[in-house]
Amino acid sequence: MSTYLEQLNEPQRAAVLQKDGPMIIIAGAGSGKTRVLTYKIAYLMEQGVDPFNILSLTFTNKAAREMKDRIGKVVGYSEAKNLWMGTFHSVFARILRSEADRLGYPSNFTIYDTQDSVRLITAIIKEMNLDKDRYKPKQILNRISSFKNSLITVRAYFNNSDLQQADLEASRPKTGDIYKEYVDRCFKSGAMDFDDLLLRTNELLARFPDVLAKYQDRFRYILVDEYQDTNHSQYLIVRALADRFQNICVVGDDSQSIYGFRGANIQNILNFQKDYPDVKTFKLEQNYRSTSNIVRAANSVIDKNKTKLDKEIWTANDAGDSVKIMRTISDGEEGRFVAQSIWENQMNHQLTSDQFAVLYRTNAQSRAIEDALRKKDIKYKIYGGISFYQRKEIKDLLSYLRILINPNDEEALKRIINYPARGIGATTIDKLLIAANHYNKSMFDIIKNINTIDVNINAGTKTKLQNFVNMIQRFQIEAQTKNAFEIADLVVKQTQLVKDLQKDGTPEGVNKVENVQELLNGIKDFITDKIETGEDASLTSFLEDVALATDFDSDKKDEEPRVSLMTIHLSKGLEFPYVYIVGLEENLFPSAMSMNTRSELEEERRLFYVALTRAEKAAYLTYAQTRYRWGKLTDGEPSRFLEEIDERYVEYITPKTPEPSMNRFLDASLFEEDTPKKIRFQKPIQKKRKEFLAKKEKPTMISPKSNMKKLSELSSKMNLFDGEITVDNIVEHNRFGTGKVIAIEGKGPNKKAEIEFSTVGKKKLLLQFAKLKVIG
DNA sequence: ATTGCACGCCTTTTT
DNA sequence: GGCGTGCAAT
């Protein structure tokens with residue numbers, strides 16, 4: 001018997017050794033799920049199953065790579081390489097590419113991201129002369145997305161009077177027409193959105209029995225991780241593919257189902273037994289990850305949910321510290337508490353930053369945490385949020401590359417046809433769109449034949465369009481002999497894209513140039529990487545990677561350790577020794593949008609459960625009594641989840657604030673700066689829960705006068721207050737070096753200084769953001 | 001056709 | 001507090 005089997009506990013081993021037939025593994029948080037999946041695949045291969053016949057669907061591409069790596073260690077890398085592993089989206093994008101012609105798509109179809117989809121829908125709403133306040137593009141996209149994930153095609157929609165009635169009652173009778181136009185336009189553009197990757201796969205398997213048979217035969221063993229988060233569309237794909245051999249193994253935890261909003265159907269896991277009556281069920285209930293205080297605290301909360309499978313998570317680990325609950329006065333103080341606490345834990349226990357994670361409900365919360373960490377000089381990395389690839393300058397360059405591959409890509413074309421400005425304005429684009437719709441051709445086709453088609457565009461503009469097409473076609477020819485990096489580099493040079501970014505001279509512009517450079521480097525790395533591993537290094541493959549990459553996939557190693565900042569959703573599947581969960585306030589977590597129904601609230605509770613069970617050694621839960629939201633100060637109540645934790649496992653602590661903060665400028669951080677080493681919280685105090693949660697600490701008011709005095713004293717000491725900077729000052733900027741102030745303009749937050757830097761020349765900087773130090 | 005500014009909406013969460 | 005859109009000015 002292989003040695004790795006000895007490393008498993010009883011239920012884990014049983015799950016690994018169950019080779020054939022349908023099975024479900026209910027895997028509690030931290031119960032060694034990945035280990036089981038890894039060994040299970042290794043075991044299958046040892047039993048003579050060809051890796052070509054194994055399909056493993058994971059939640060992130062990174063998880064797939066790591067698992068492949070671990071399997072490689074057991075059975076050999078050359079064998080493991082042949083496994084099909086990846087996310088639903090990336091695996092089926094690959095299959096769709098090779099079968100695209102069946103569906104009338106080009107094999108190099110574009111993948112539209114959410115931004116592309118929203119822009120297209122916005123355009124359609126405008127073209128249809130509909131009120132964009134009534135038809136909110138994002139809302140419409142969500143609705144279309146839920147149609148697609150339930151396999152409701154345009155035709156199905158128009159055959160379903162209930163759906164149409166619902167849209168009519170919502171005063172959006174044209175929803176179906178928008179849906180139809182959106183689908184048509186995507187098709188004409190040779191583009192699929194995220195949901196299409198699943199919907200079209202279903203279409204492919206349903207319409208072409210030979211294709212279905214081919215993949216059924218190919219994927220004799222199918223494993224699906226995070227099964228609780230699959231939606232109906234994914235569920236149908238899996239069921240179709242597994243239908244012939246029925247060797248289907250799904251792994252999941254109903255308590256960690258947190259993607260209901262994007263169509264995940266918890267029933268998929270709850271009803272698995274109904275679909276496969278002879279299913280074997282395994283339960284992994286021993287948690288190896290966390291202290292028993294954390295496990296018990298988490299259990300006590302999730303027990304409040306009615307909808308759940310029967311299981312009891314337990315651990316043999318030590319009790320460990322209590323879960324700490326911390327009340328702070330503001331979101332600013334919350335951030336400083338987190339930073340201070342991380343710093344102390346690092347000092348006291350000799351820990352590196354990568355042992356810490358800060359988790360929050362919404363991306364917007366990261367700001368306060370970032371500010372505080374930066375002030376303490378603690379390195380961090382943000383996952384999610386606005387991704388690198390969403391930035392305007394990056395999307396613009398990528399759009400050029402997309403056009404080379406697929407000239408029909410309408411969204412890419414609209415982005416770059418007049419960027420950098422070449423005198424092709426909105427009016428011209430509108431005319432082109434109308435012609436494209438009229439002749440049922442793509443916009444690019446119209447432009448290509450601009451001289452033979454009857455459009456009301458003047459000769460000068462026609463020449464400009466001609467030049468544009470010629471340029472694109474030149475790139476296309478070059479692309480046949482050059483690699484992705486050389487092409488991207490050529491595009492940047494020929495279009496003068498960087499020059500355009502440079503000419504505004506602002507720090508933002510500099511940053512954008514750096515981003516473009518980073519993208520070029522990224523393409524270079526991609527190519528080297530793929531050539532080394534013998535994989536597809538084409539531009540198409542790069543663009544697909546970009547479209548489907550998650551933040552974790554680009555995770556660079558050999559960097560210095562950093563604190564991880566991310567939403568709770570993104571933290572699923574990860575673990576950290578020290579976890580801070582911030583913003584535990586009513587209307588934020590649970591979210592105000594999710595408190596209307598029991599099932600929404602239960603999903604929020606599962607989300608909290610996921611957050612808490614990320615922690616190995618210690619968990620800190622914080623909430624703020626006031627918080628800036630939409631730029632306004634708002635009051636908050638402690639989250640109900642705090643009260644739901646069994647009191648035996650928690651402890652309340654209060655930050656010691658040296659001076660109550662009066663406003664943003666007179667923030668406590670100003671006072672802290674020179675005493676960072678002092679331990680800043682009081683010893684943990686156990687208070688009565690109700691009393692603690694109910695107590696409101698009102699900041700003591702300082703009279704505005706003394707306030708201002710204190711402020712200016714401080715600022716003169718610390719060079720942080722913009723009032724100090726005047727003409728002729730010599731200042732220091734952390735990127736541009738030293739310079740002389742030439743002029744000051746604007747006031748309040750818009751106050752700018754014009755500075756002559758010795759390195760980069762004249763710059764206008766917003767004092768609010770440019771952390772300038774007066775040095776003379 | 002481009003630029004600058006005011007306004008409004010925004011924030012759940014992601015492939 | 002931030003971004004995109006729409007409108008007015010040039």
Side-chain angles (χ1 to χ4, degrees), chain A residues 57-61 86-93 111-115 117-119 122 126 132-133 136-139 141-142 145 148-149 192-198 226 229-231 233-234 257-264 331 359-368 371 383-387 389-392 418-429 460-461 464 504 508 544 546-553 566-572 583 587-595 600 603-604 606-608 610-611 627-634 664 749-750 768-769:
Chain A
L57 296 164
T58 55
F59 204 67
T60 64
N61 287 310
T87 61
F88 271 92
H89 289 86
S90 63
V91 165
F92 294 112
I111 297 170
Y112 274 0
D113 65 15
T114 307
Q115 204 185 343
S117 299
V118 170
R119 286 168 86 119
T122 310
K126 209 169 172 181
K132 68 171 167 38
D133 294 323
K136 293 194 167 133
K138 263 190 202 148
Q139 237 174 43
L141 178 63
N142 276 337
S145 174
K148 287 184 174 179
N149 286 325
M192 294 200 198
D193 67 14
F194 288 133
D195 306 317
D196 283 332
L197 296 176
L198 307 175
E226 307 285 6
D229 283 323
T230 52
N231 60 36
S233 194
Q234 292 167 319
S257 167
I258 54 173
Y259 281 99
F261 69 91
R262 71 171 193 212
D331 49 349
L359 309 179
Y360 34 78
R361 180 65 179 82
T362 65
N363 283 304
Q365 288 166 258
S366 71
R367 173 166 291 270
D371 288 347
Y383 294 85
I386 308 138
S387 106
Y389 296 110
Q390 312 270 14
R391 289 162 205 240
K392 186 183 177 302
N418 196 33
Y419 181 81
R422 48 176 76 89
I424 302 168
T427 328
T428 308
I429 293 171
T461 311
K464 288 173 188 162
D504 77 353
E508 292 81 36
E544 180 169 314
V546 165
L548 298 177
T550 55
D551 242 20
F552 297 109
D553 298 330
M566 67 185 83
T567 62
I568 297 161
H569 282 89
L570 278 182
S571 77
K572 195 174 68 161
N587 295 319
L588 181 60
F589 191 15
S591 160
M593 323 280 289
S594 307
M595 302 205 308
E600 281 177 334
E603 178 151 317
E604 293 287 308
R606 289 192 294 269
L607 197 53
F608 180 64
V610 167
R627 177 178 298 278
Y628 278 92
R629 291 180 93 175
W630 308 283
K632 278 202 184 94
L633 197 64
T634 53
R664 282 230 133 164
N750 294 320
Q768 193 183 186
F769 299 119

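In the text below, chain A, chain B and the rest are named by the order of the sequence lines, each starting its count at 1. Hydrogens, waters and symmetry mates are skipped; everything else that's a heavy atom, side chains included, is used.
Rounded to whole Å, the distance from OH on Y628(A) to C1' on dG2(C) is 16 Å. Atom CZ in R627(A) sits about 13 Å away from atom C1' in dT11(B), given to the nearest Å. Whole-Å rounding puts the R391(A) CZ to dG2(C) P distance at 15 Å. Straight-line distance from the CG atom of N363(A) to the P atom of dG2(C): 15 Å, rounded to whole Å. In this structure, K136(A) atom NZ and dG4(C) atom P are separated by 18 Å, rounded to whole Å. In this structure, the CG atom of D195(A) is 11 Å from the C1' atom of dT14(B), given to the nearest Å. At whole-Å resolution of the value, NZ in K464(A) and C1' in dT2(B) are 12 Å apart. In this structure, N142(A) atom CG and dT11(B) atom P are separated by 10 Å, rounded to whole Å.
Of the listed nucleotides (dT15(B), dT2(B), dT14(B)), dT15(B) has the atom at the smallest distance from the side chain of T87(A). You'll find that the side chain of M593(A) is closest to dT11(B), out of dT11(B), dT2(B), dT14(B).
Relative to the six-membered ring of Y259(A), K572(A) misses at least one condition, a distance below 6.0 Å or an angle of at most 45° to the axis.
The shortest distance between the side-chain N/O atoms of T427(A) and the OP1/OP2 oxygens of dA1(B) is below 4.0 Å. The side chain of T60(A) places no N or O atom within less than 4.0 Å of a non-bridging phosphate oxygen (OP1 or OP2) of dT15(B).
Annotation: dG4(C) and dT13(B) have their P atoms spaced 16 Å apart (nearest Å).
Pairing partner, dC10(B): none, since no Watson-Crick or wobble contact has both distances short of 3.5 Å. The partner of dA9(C), taking Watson-Crick or G-U wobble pairs whose two distances both stay under 3.5 Å, is dT2(B).
Residue K138(A) is classed as a sugar-phosphate contact, given heavy-atom separations below 4.0 Å to backbone atoms only. Counting any heavy atom pair closer than 4.0 Å across all strands shown, D113(A) reaches no nucleic acid atom. In this structure, T114(A) reaches the bases: a heavy-atom distance under 4.0 Å links it to at least one base atom across the strands shown. Here F88(A) lies out of heavy-atom contact (under 4.0 Å) with every strand. Across all strands shown, S591(A) has heavy atoms under 4.0 Å from base atoms, whether or not it also approaches the sugar-phosphate.
Here S117(A) contributes atom OG and F194(A) contributes atom CZ; the two are 7.5 Å apart, rounded to the nearest 0.5 Å.
For A611(A) against L359(A), the heavy-atom pair with the smallest separation is O-CD1, 4.0 Å. Considering every non-hydrogen atom in both L197(A) and F92(A), the closest pair reads O-CB, 4.0 Å. Considering all non-hydrogen atoms of both residues, M595(A) and P590(A) come closest at SD-CG, 3.5 Å. The two residues G423(A) and N418(A) come nearest to each other via the heavy atoms N-OD1, 3.2 Å.
Residue R422(A) is the one, among R422(A) and E603(A), whose nearest nucleotide of DNA chain B lies closer to the 5' end (criterion: closest heavy atom). Both E604(A) and N418(A) sit near DNA chain B, but only N418(A) has its closest nucleotide nearer the 5' end.
Stacking between F194(A) and dT14(B) is absent: the aromatic ring centre is not both under 5.5 angstrom from the base six-membered ring centre and within 30 degrees in plane angle.
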